[in-house]
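The analysis underlying the following values was restricted to heavy atoms, covering all of them including side chains, and did not include hydrogens, waters or symmetry mates.
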Amino acid sequence: MDYYSKHLKRKMIKVRLAGIFACLLGIAGIVLRFLELVPPWLCIISSAYAMALIFSFNGSLQGIRGGNPWARVNVFCALLMFALVIFLIVYGFMTGELETQL
């Protein structure tokens, strides 16, 4: 049982560090937009992607505790945010707001 508890502790630490990285990604996108270094679409898409990552990491963290319904809620929210990211990218290209630089 000692090995299993060490495994869970390592998993929790990895998920928390990945969540902190995703938060920093979202904050960096907002700061870069505030300094007008990136276009608004990139800020919106990167923020939505960071939120999707945070929800999925939190769902993984909540999934460690058995029988916790919040894990399913977080995974559902993560799937919604990933769908939003895909929708924003497709919508941006279809409206001409995003363009390829080939």
Side-chain angles (χ1 to χ4, degrees):
M1 193 65 176
D2 188 39
Y3 174 76
Y4 185 66
S5 64
K6 286 181 183 178
H7 170 72
L8 288 180
K9 187 172 183 174
R10 279 194 305 266
K11 183 177 178 181
M12 287 175 60
I13 290 172
K14 286 179 187 178
V15 168
R16 286 179 180 156
L17 289 175
I20 290 171
F21 177 73
C23 288
L24 292 176
L25 174 70
I27 291 170
I30 292 170
V31 168
L32 289 174
R33 178 61 197 138
F34 180 73
L35 297 175
E36 296 181 358
L37 298 173
V38 296
W41 275 93
L42 183 61
C43 178
I44 293 170
I45 291 170
S46 67
S47 296
Y49 184 70
M51 288 174 50
L53 286 176
I54 292 167
F55 276 124
S56 64
F57 292 145
N58 196 22
S60 175
L61 190 64
Q62 293 289 332
I64 291 173
R65 296 176 56 199
N68 193 348
W70 288 108
R72 285 187 224 106
V73 171
N74 282 308
V75 170
F76 178 73
C77 290
L79 291 175
L80 283 178
M81 294 306 294
F82 281 124
L84 176 66
V85 169
I86 293 169
F87 171 76
L88 287 173
I89 291 171
V90 170
Y91 181 77
F93 279 118
M94 289 183 69
T95 60
E97 295 288 329
L98 293 174
E99 58 187 36
T100 58
Q101 301 292 328
L102 297 177

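A distance of 10.5 Å separates CZ of Phe93 from CH2 of Trp41, quoted to the nearest 0.5 Å. The structure places OH of Tyr49 at 10.0 Å from CD1 of Ile89, a figure rounded to the nearest 0.5 Å. Put simply, OG on Ser46 and CG on Leu25 are 6.0 Å apart, with the number rounded to the nearest 0.5 Å. Between Asn58 atom CG and Arg16 atom CZ the span is 10.0 Å, to the nearest 0.5 Å.
Grouping the Ile, Leu, Val, Met, Phe, Trp and Tyr side chains by contacts below 4.5 angstrom, directly or via other members, places Leu37 with Leu42. Residues Met51 and Ile30 are members of separate hydrophobic clusters, defined by side-chain heavy-atom contacts under 4.5 angstrom among Ile, Leu, Val, Met, Phe, Trp and Tyr. The hydrophobic clustering, which links ILVMFWY residues whose side-chain heavy atoms are closer than 4.5 Å, places Leu80 and Phe55 apart. Using a 4.5 Å cut-off between side-chain heavy atoms of Ile, Leu, Val, Met, Phe, Trp and Tyr, with links allowed through other members, Leu88 and Leu53 fall into the same hydrophobic cluster. Phe82 and Ile45 fall within a single hydrophobic cluster, where Ile, Leu, Val, Met, Phe, Trp and Tyr are joined by side-chain heavy atoms under 4.5 Å apart, directly or via other members.
Contact check for Phe21 versus Leu17: no side-chain heavy atoms found under the 4.5 Å cut-off.
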Do Cys23 and Ile54 pass the side chain to side chain contact (heavy atoms under 4.5 Å, CB included) test, and can you show the C-alpha distance, the side-chain angles, and the key distance before you say yes or no?
-> CA-CA 7 Å; Cys23 288; Ile54 292 167; 3.5 Å; yes
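The backbone N or O of Ile44 lies less than 3.5 Å from no partner atom in the side chain of Ser47, so there is not a single donor-acceptor pair.
Taking every heavy atom of both residues into account, Ala50 and Ala22 meet most closely at CB-O, 3.4 Å. Nearest heavy atoms, Gly29 versus Cys43: O-SG, 3.5 Å.
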